[in-house]
Amino acid sequence: MSEALLSVRDLSVEFTTYGRTLPVLRGVNLDVPARSHVALVGESGSGKTVTMKSIMGLLHMPPASISSGTILYDGRDLLTMSRRERLKLTGTDMSMVFQDPMSSLNPVFTIADQMSTILKYADRRLGRSRSGRERMQRVLEVLAQVRMREPERVARSYPIMLSGGMRQRVLIAMALLSEPRLLIADEPGTALDVTTQAQILKLLKDLVEERGLALLMITHNLGVVRETSDYVYVMHKGVVVEEAKTADLFASPKVDYTRSLIDAVPRLTGARPTLPVEAAP
Amino acid sequence: MNARQSPLLEIVDLVKTFPVYNAFGSRAGEVTAVDHVSFSIRRGGVYGLAGESGSGKSTIARLIMGLLTPTGGDVLLSGNNITGTLGTRAHSRQVQMVFQNPGSSLNPRRTIGQSIAVPLEAHSHPRADRRRRISELLEMVQLPANFAERYPHELSGGQKQRVAIARALAVAPQLVVLDEPTSALDVSVQAKVIDLLTSLGRQLDLTYLFISHDLSLMRNFADEVGVLYRGRIVESGPTAKVFEHPEHDYTRLLIASVPVISAEEEALRPKIPLIDGEIPTAEKLLALRESQRTTEVPKRT
């Protein structure tokens, strides 16, 4: 794949706890071209979250350490650039939609407070500045983009006054504040009811398409993969075991692990899932 | 009607209301969590209660377990009205529950063997036989007998849930209430736990009340379903019928919202009208239908 917006090459990460070193990622390669919709799918412990955290610079080091690899964003290596340079990108040009709408918001500040603070620091890192009024204007603009019917009222609200779905929308709005080109979504909507989740996924899909953003969707749910991505990477035990166009992956998985994962999903048609070949519960 | 087809559990007109208090601690009203719910489960059957958060599905489980006292209605087990004895020892010999999160439903300071022994002690299972019964139960859930000496933190999520199942089966109950038994597990582990529950159900002639928000799983596991919305069953029937021909708008919205992985499944999802370019919330969709209904009425008259 040529000139991807985000390109992870041979990334290896290990964790050291109690004097033991465990490899968590082993030579991960992954590309997200501009305006593309890519999914990274895996079960718990597969390394998908560590991959995401390495990209966003959110790994705690120690215990984690990156033993090899490069993460190129727009052709520049995030791992070798200065912290200052990196912070100009993370949270601004590449931003993150967090998973849990219940715990990702601060309960003692209004939505407007939290969003304008994010915007203020993003502006500062980029060497821009705007007045409080301009910031508020941008906050309302973004809240309207995530289809909040009454942006002013939402902005004045504390998180507890909003439903789970509304809070998830706020998290999406936060990610859009600095007009990113790449959106990394970590299981958005999994904490929500299925009808709310469907709304959030549709909203995310529409937004990404309308604004020509690249999307990296990190999830354990194959249904979400099929609904939101064109290209997919399957992770298992710290390795990308398979990558394919999403439609091809579901039509003809090449790797046994992927096949067993797909086969284990209960179907709406009532076809019984077949049990994974791998031993041990 | 032979014994196989007769219902094991019958829920008749069950009601549960909770008081609501204002900021000063005085009673401000009440909320109806379970609103005249009736259903029955045939012996050996799997009845699925589907619903989203706040629908009342867990409240119904708690009422059946005797963890809450019903405001009204009756619970019948094998034709006997047991409403008055819910929560007693006699009741817990017949009805057991597997909780959602095995991480928190097992006591971290007890070994697996000690956890499984609790119901045996409570029901005065002969002391000399307990060790044998514990190994037997572990074998039933396909865990090695030496797991009895281990602590919950040494086990994976799937293994812990197997222990919780073994504990529920310790007193050989007739009805097992499964409250989202696999929602904390990975999909491959989920498939195995569901498979285990199915084969145990057949072996031991168990009847299950299966509570879940995962409709694809419900389609696979339950043979009858009831769809709960705000404390009421809005639609119920044989699983295949409800999923293939959902009649109520809420059921249709629920099924349409499930993320699926094949074209065949997609074909089964009802089409839901978008409101303002968005998938509507249940309230909006039902309000829209209501307004369509009321605007249609004058035309007919």
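Quick note on labels: first sequence line is chain A, next is B, and so on, each numbered from 1. Both backbone and side-chain heavy atoms feed into the values below; hydrogens, waters and symmetry mates do not.
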Worksheet item: So is B:Arg150 actually on top of B:Phe147's ring, under 6.0 Å and inside 45° of the axis?
Response: yes
Item to complete: Please flag which part of B:Ile255 lies under 4.5 Å from any non-hydrogen atom of chain A: side chain, backbone, both or neither.
Response: both
Item to complete: Go through the atoms of B:Ser262 and report whether side chain, backbone, both or neither lie under 4.5 Å from a heavy atom of chain A.
Response: both
Response to the item:
Applying a strict 4.5 Å limit to non-hydrogen atoms, the region of B:Leu155 in contact with chain A is neither
Response to the item:
Counting heavy-atom pairs under 4.5 Å with chain A, the top scorer among B:Ala282, B:Gly54, B:Ser257, B:Ala240 is B:Ser257
Worksheet, complete the sentence: Per-residue tally against chain B (heavy atom, under 4.5 Å) across A:His220, A:Gln197, A:Arg147 peaks at A:Arg147
Worksheet item: What part of B:Leu268 gets closer than 4.5 Å to chain A, counting heavy atoms only: side chain, backbone, both or neither?
Response: side chain
Discussion item. Whether B:Arg230 and B:Glu283 form a salt bridge (side-chain N of Lys/Arg under 4.0 Å from carboxylate O of Asp/Glu) is what I want to check.
Written reply: yes
Fill in: Residue B:Gln161 versus chain A: region with a heavy atom under 4.5 Å
neither
Worksheet entry | Interface residue of largest heavy-atom contact number with chain A, from B:Ile272, B:Leu254, B:Val260, under 4.5 Å | B:Val260
Worksheet entry | Least distance between heavy atoms, A:Pro63 atom then A:Thr17 atom | CB-CG2, 4.3 Å
Worksheet item: Hey, are B:Glu278 and A:Arg149 close enough for a salt bridge, meaning a charged N less than 4.0 Å from a carboxylate O?
Response: yes
Worksheet, complete the sentence: Scored by heavy-atom pairs under 4.5 Å with chain B, the best of A:Leu222, A:Leu192, A:Asp193 is A:Asp193
Fill in: Derivation of the side-chain contact (heavy atoms from CB on, under 4.5 Å) call for B:Val225 and B:Leu49
CA-CA 6 Å; B:Val225 288; B:Leu49 268 183; over 6 Å; no
Practice prompt. Could you pull out the closest heavy-atom pair between A:Gln168 and A:Pro188, with the gap in Å?
Written response: NE2-CB, 4.0 Å
Item to complete: Return yes if some donor-acceptor pair links the side-chain N/O of B:Glu235 with the main-chain N/O of B:Glu247 below 3.5 Å, else return no.
Response: yes
Worksheet item: With a 4.5 angstrom heavy-atom cut-off, which part of A:Gln199 approaches chain B: side chain, backbone, both or neither?
Response: both
